Protein chains: 2
Amino acid sequence: MSARAIPYRPHNHDACVSQALTDARTICQRQNARLTPIRERVLELIWQSHKPLGAYDVLAELSSDGHNAAPPTVYRALDFLQQHGLVHRIASLNAFIGCTHAGESHTGMFLICRACGNVLELTAPEVSTEVRKAASGEGFRAETTTLEIAGLCPRCQSEPGHD
Amino acid sequence: MSARAIPYRPHNHDACVSQALTDARTICQRQNARLTPIRERVLELIWQSHKPLGAYDVLAELSSDGHNAAPPTVYRALDFLQQHGLVHRIASLNAFIGCTHAGESHTGMFLICRACGNVLELTAPEVSTEVRKAASGEGFRAETTTLEIAGLCPRCQSEPGHD
DNA sequence: CCTGCAAATGTTATAATGTTTCAAATTTTG
DNA sequence: CAAAATTTGAAACATTATAACATTTGCAGG
Ligand SMILES: [Zn+2]
Ligand SMILES: [Zn+2]
Ligand SMILES: [Zn+2]
Ligand SMILES: [Zn+2]
């Protein structure tokens, strides 16, 4: 899959989204999973924002599409997308964001700007290593890691109040 | 503050709770904070379980005390306790747990057993270091870290189905 | 093509979690 | 004691998520 732009720097976001959708179709095909119209549309909506989107935000967008959707529709699509590694849930925000490393096996680390709301997903192998070490030092078998850092992105450190 | 027992190993839990309360009183006194009866009771309820307790679980306990409480009562107490470093919120569970390092400056890392529900709070300086490194490598100013590991505790790896 | 099954979606209702607002009581301070 | 600030009570409301069951759609075998 192709490289991604930094969310809090300007870039051609339409290309960003369409690349994500193309990647998603490839990934689903490889996994014999059905990226149905609803699922694809939800993925698109989430990708159109570099900021995490709540399930009910997605729902509102679907409704304004003219699609008569109810909460389970959205949650089911989100479950599917998560299961196939296409989106992540940000637990500290109750919101969802497109995975920038779809297809690669990884543990995401999320840098969440409290000022502008943008989120950058990193893969930090050294962090994962230390986490595993700390867990196994306690005899704990780690399965899933939630790692979310709130703070200020580079842009918001220098020019507060944008966006 | 005194050492703590491992939650998923048997220990004198009453002593564990009363020590936590004693520590809390000391900490609040030092910070000129008022550990009112409601706040202390909420802390006690949370400590009585080594497993994270939801806000509405706390509310139910208060009600069965005969205390006529509403959600804001609980959330306010929990806010206070978090602000003074006496409890942590576990974002991936929407639940709260007593801090085992109250009074020490620390970033908690939580090992959450998906089988028995017990949670162990660790301080892992190497992890914190790597997290800081990864964040500052992106020019990000990290403020608060959410680090929650779900998996199997030592006990549940060997004897499934207890508790 | 039809039939029957499994997966996906629609629909309604409800549960679980968290907040806003304003009033009353309590504690602190001068 | 009186004024100010903090804490608590109470009611309504907002947000996030799931349960349960009906219906439709996609697909494989006959
Ligand atoms: Zn990812
Ligand atoms: Zn920012
Ligand atoms: Zn702690
Ligand atoms: Zn366990």
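What you see is a predicted model; the values in this text were computed from it and never measured. Note that these values count all heavy atoms, side chains included, but never hydrogens, waters or copies made by symmetry. Chain letters run A, B, ... following the sequence lines, proteins first, then strands; residues in each count from 1.
With 3.5 Å as the limit, one finds no donor-acceptor pair spanning the side chains of Asp79(B) and Gln83(B). Side-chain N/O atoms of His101(A) and Thr123(A) include a donor and acceptor closer than 3.5 Å. Between Asn94(B) and Arg89(B), the side chains place a donor N or O and an acceptor N or O closer than 3.5 Å (distance only, hydrogens not considered). Side-chain atoms of Glu121(B) and His88(B) form a donor-acceptor pair, as typed in the model, at a separation below 3.5 Å.
Of the side-chain N and O atoms in Tyr75(A), one or more sit less than 4.0 angstrom from OP1 or OP2 of dA17(D). Contact annotation: Asn94(B) does not reach the phosphate of dA16(C) (side-chain N/O to OP1 or OP2, under 4.0 Å). The phosphate of dT9(C) has neither OP1 nor OP2 within less than 4.0 Å of any side-chain N or O from Thr73(A). For dT9(C), neither phosphate oxygen OP1 nor OP2 lies less than 4.0 angstrom from any side-chain nitrogen or oxygen of His67(A). At least one side-chain nitrogen or oxygen of Asn68(B) sits closer than 4.0 Å to the OP1 or OP2 atom of dA10(D). Considering only side-chain N and O atoms, Arg34(A) lies nowhere under 4.0 angstrom from the phosphate OP1 or OP2 of dG26(D).
In this structure, Ala55(A) and Ala33(B) both approach DNA chain D, and ranking their closest nucleotides by distance from the 5' end singles out Ala33(B). Checking Ala77(A) against Pro72(A), the closest nucleotide of DNA chain C that is more toward the 5' end is the one next to Ala77(A). Taking for each of Arg76(A) and Tyr56(A) the nucleotide of DNA chain D with the nearest heavy atom, the 5'-most of the two is the partner of Tyr56(A).
dA16(C) atom C1' lies 14 Å from atom CG of Leu93(B), rounded to whole Å. As rounded to whole Å, 11 Å separates atom C1' of dA7(C) from atom CZ of Phe80(A). Rounded to whole angstrom, the span from the CD1 atom of Ile90(B) across to the P atom of dG18(C) amounts to 12 Å. One atom, CZ of Arg41(A), and another, C1' of dT9(C), lie 17 Å apart when rounded to the nearest Å. Summarising the geometry, the separation between CG on Asn32(A) and P on dA6(C) is reported as 18 Å, rounded to the nearest angstrom. Between the P atom of dT6(D) and the CD atom of Gln31(B) lies a distance of 16 Å, rounded to the nearest Å. As rounded to whole Å, 15 Å separates atom P of dT9(C) from atom CG of Asp65(A). Taking atom CD on Gln83(B) and atom C1' on dT7(D), their separation rounds to 14 Å, with Å as the unit.
Linking ILVMFWY residues whenever their side-chain heavy atoms come closer than 4.5 Å, directly or via other members, leaves Ile112(B) and Trp47(B) in distinct clusters.
Nearest nucleotide to the Thr36(A) side chain, out of dA8(C), dT8(D), dT19(C): dA8(C). Distance from the side chain of Ala70(B) is smallest for dA10(D) among the nucleotides dA10(D), dG18(C), dT8(D).
In terms of modelled atom types and a separation under 3.5 Å, the side chain of Arg39(B) and the main chain of Arg34(B) share a donor-acceptor contact. Side-chain atoms of Glu148(B) never come within 3.5 Å of backbone atoms of Thr146(A) as a donor-acceptor pair (strictly under, hydrogens ignored).
Computed from C1' positions of five pairs at each end, the angle between the two local axes of the helix from dC1(C)-dG30(D) to dG30(C)-dC1(D) equals 30°, rounded to 10 degrees.
Taking every heavy atom of both residues into account, Gln157(A) and Leu152(A) meet most closely at NE2-O, 2.9 Å.
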